[in-house]
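Report on the structure given below.
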2 protein chains.
Amino acid sequence: MTENDKLTEEKIFEAATDVFVDKGMDGARMQDIAIHAGINKALLHYYYRTKDQLFNAVFEMIAGKVLKKFAPVFEDNLSLEEKIRFFFKEHIKFLQENPKLPAFVLNEINRNPARIKKLLKNVHFETLWQKLYEQHKSELGKYNITEDALPQLMVSIAALSVFPFAARGLIEGILDKVGVDFNDYIEQRKEFAAEFVIRAIRK
Amino acid sequence: MTENDKLTEEKIFEAATDVFVDKGMDGARMQDIAIHAGINKALLHYYYRTKDQLFNAVFEMIAGKVLKKFAPVFEDNLSLEEKIRFFFKEHIKFLQENPKLPAFVLNEINRNPARIKKLLKNVHFETLWQKLYEQHKSELGKYNITEDALPQLMVSIAALSVFPFAARGLIEGILDKVGVDFNDYIEQRKEFAAEFVIRAIRK
DNA sequence: GTCTATAGAAGGATAGAC
DNA sequence: GTCTATCCTTCTATAGAC
């Protein structure tokens with residue numbers, strides 16, 4: 001019973017995840033989710049009263065997972081350059097395994113910016129960035145980094161990693177025309193992006 | 001008559017542009033477009049038989065406009081560094097005036113990748129990139145640029161300019177928490193991104 | 001060319017049997 | 001907990017008057 005509940009609820013949640021990520025909130029159909037889960041519409045509404053509730057559950061899980069992947073940046077066990085290389089390697093690897101998540105999350109956030117407030121409620125960026133600054137204070141002599149340019153640098157790093165996936169349709173279209181495979185391109189990118197940033201910030 | 005046709009068709013097209021950019025294909029409603037245009041639904045279908053046709057007209061116009069903004073990169077009247085500075089200044093200025101276009105175009109391309117084929121049909125990247133390489137051949141001694149890394153470099157430049165707008169909801173949410181205004185941030189970005197790239201490619 | 005009215009289909013949600 | 005049947009609203013699209 002509770003065992004079975006769990007199974008059905010999980011099946012629904014996974015099916016909903018697939019469909020919402022693929023089609024977005026507006027394009028997704030409850031009927032489609034039901035089919036993917038191997039059940040009927042009525043049962044969806046039994047577990048999650050409305051489409052909105054189901055979407056919110058899925059979105060929060062995914063957005064949380066995506067944002068969490070930036071956390072290692074703020075952990076202190078590597079030099080700045082090591083950290084940058086580690087970040088691109090691991091973050092792009094995560095996106096290779098979940099290539100559709102960036103477009104999904106960014107799109108749904110833009111459609112409903114209020115969502116982001118809730119997600120960031122317990123994240124304190126002032127503290128985080130100060131922490132980051134402290135961590136690498138001693139090596140900063142080698143770099144061109146001012147504290148007030150930190151947001152620019154962080155967004156740039158995120159951009160270099162995330163953009164190729166968020167703009168995949170476009171980039172894949174362009175790469176096709178010059179005979180480059182998207183997956184190869186992404187594999188290359190781990191190192192390219194890291195070296196790019198390191199050269200950009202080095203004095 | 002033909003004069004009036006033009007007016008109505010233009011009103012419809014502009015209203016459709018606003019609504020589609022705001023809500024996306026799936027979220028947009030013909031009724032909503034009709035209201036924005038100051039007419040009724042039936043008239044929409046008189047000018048554009050279906051929602052799909054109306055959307056395609058709008059999408060092609062916007063995507064064309066957006067992609068065209070990358071063209072100056074391939075024109076030959078500036079040194080490489082001047083070109084990079086010029087690009088970020090002008091491109092980000094364009095995005096400041098049309099902040100919602102990146103998210104719209106990227107999202108719709110991802111939802112229907114076939115669209116991109118049609119748009120890129122007449123663009124020959126091999127030729128364009130070779131041209132670019134020729135243009136700056138003489139100054140390449142100063143830079144770390146290999147021909148096969150050109151796609152990586154180009155995507156990186158696009159990413160640095162476009163990503164803040166494509167991810168606006170998220171970035172604005174973060175900047176809010178550290179007391180930075182999005183518009184100020186973007187204004188700063190023109191110079192930051194240019195210097196970032198130039199340092200990254202300089203030997 | 002523009003309108004009102006409505007057809008026809010699709011989608012979210014619920015009732016009720018098992 | 002799960003299903004079938006169905007309600008009700010919303011949306012695209014068309015018919016037909018002016």
Side-chain angles (χ1 to χ4, degrees), chain A residues 1-62 104 107-108 110-112 114-115, chain B residues 1-62 104 107-108 110-112 114-115:
Chain A
M1 21 173 34
T2 302
E3 181 58 19
N4 199 13
D5 272 28
K6 199 75 187 210
L7 277 175
T8 302
E9 194 167 348
E10 266 173 27
K11 274 194 306 183
I12 290 176
F13 193 81
E14 284 165 22
T17 301
D18 288 349
V19 174
F20 278 131
V21 167
D22 213 50
K23 303 281 177 65
M25 168 63 177
D26 291 334
R29 296 291 165 254
M30 293 298 264
Q31 177 63 40
D32 197 11
I33 294 173
I35 291 173
H36 267 71
I39 53 156
N40 56 64
K41 277 194 296 178
L43 206 49
L44 288 183
H45 290 282
Y46 175 78
Y47 282 94
Y48 298 87
R49 205 181 320 283
T50 65
K51 183 184 178 185
D52 243 57
Q53 280 184 32
L54 179 52
F55 177 80
N56 284 339
V58 168
F59 178 78
E60 266 171 56
M61 182 278 288
I62 292 185
F104 170 72
N107 185 46
E108 298 299 340
N110 284 331
R111 295 240 168 285
N112 186 353
R115 284 192 211 289
Chain B
M1 21 175 28
T2 303
E3 183 57 20
N4 197 15
D5 272 28
K6 198 80 188 206
L7 277 174
T8 303
E9 194 167 347
E10 265 172 27
K11 274 194 306 184
I12 290 175
F13 192 81
E14 283 165 21
T17 301
D18 289 349
V19 174
F20 278 131
V21 167
D22 213 50
K23 303 281 177 63
M25 168 65 178
D26 292 333
R29 295 291 164 254
M30 293 297 265
Q31 176 63 41
D32 197 9
I33 294 173
I35 292 172
H36 268 71
I39 53 154
N40 56 66
K41 280 191 296 177
L43 206 49
L44 289 185
H45 290 283
Y46 176 78
Y47 282 96
Y48 299 86
R49 205 181 317 287
T50 65
K51 184 184 178 185
D52 243 58
Q53 281 184 33
L54 179 52
F55 177 80
N56 284 338
V58 168
F59 178 78
E60 266 171 56
M61 182 277 290
I62 292 185
F104 170 72
N107 185 47
E108 299 298 341
N110 283 332
R111 296 238 168 287
N112 185 353
R115 283 191 210 292

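Every chain is numbered from 1, with letters handed out A, B, ... down the list of sequences.
Side-chain proximity of A:T8 to the nucleotides D:dT14, D:dC11, D:dT2 is greatest for D:dT2.
Side-chain contact between B:M25 and A:D26 is absent, with no heavy atoms from C-beta onward closer than 4.5 Å. Looking only at side-chain heavy atoms (C-beta outward), A:L44 and A:Y48 stay at 4.5 Å or farther from each other. Within the 4.5 Å cutoff, side-chain heavy atoms of A:R115 are placed close to those of A:N56.
One axis for each end of the helix from C:dG1-D:dC18 to C:dC18-D:dG1, each built from five base pairs, and the angle between them comes to 10° at 10° resolution.
Spacing between atom CD1 of B:I12 and atom P of D:dT12 amounts to 15 Å, rounded to whole angstrom units. Distance CZ (A:F20) to C1' (C:dG11): 13 Å, rounded to an integer number of Å. One interatomic measurement links the two molecules: CE of A:M30 to C1' of D:dC7, which rounds to 16 Å at whole-angstrom precision. Following rounding to the nearest Å, A:H45 (NE2) and C:dG16 (P) show an atom-to-atom distance of 17 Å. Computed from coordinates, the B:I33 CD1 to D:dC11 C1' distance equals 12 Å when rounded to whole Å. What separates CG of A:L43 from P of C:dG12 is a distance of 16 Å, to the nearest Å. Rounded to a whole Å, the CD atom of B:Q31 is 13 Å from the C1' atom of C:dC3. Spacing between atom NZ of B:K23 and atom P of D:dC11 amounts to 10 Å, rounded to whole angstrom units.
Heavy atoms of B:A34 sit nowhere under 4.0 angstrom from any nucleic acid atom.
Between B:N40 and C:dC3, a side-chain N or O to OP1/OP2 separation shorter than 4.0 Å is present. For the OP1/OP2 pair of D:dA13 and a distance below 4.0 Å, the side-chain nitrogens and oxygens of B:Y46 include no atom meeting the criterion.
Listed here is the closest heavy atom pair of B:I39 and B:K11: CG2-NZ, 4.5 Å.
Proximity of a side-chain donor or acceptor of A:R49 to a complementary backbone N or O of A:L54 within less than 3.5 Å is not detected. Put simply, the side chain of B:E9 never gets that close to the backbone of B:Y47: no donor and acceptor are under 3.5 Å apart.
Between A:K41 and B:I39, the one whose closest nucleotide on DNA chain C sits nearer the 5' end is B:I39.
Ionic pairing of B:K23 and B:D32 is present here: one or more N-O contacts between side-chain nitrogen and carboxylate oxygen are shorter than 4.0 angstrom.
For the atom pair CZ (A:R111) and CG (B:N107), the distance works out to 5.5 Å, reported to the nearest 0.5 Å.
For B:F20 and B:F55, the distance between ring centers is under 6.0 angstrom.
For the segment residues 48-61 of chain A, the set of residues with a heavy atom within less than 4.0 Å of an atom of DNA chain D is empty.
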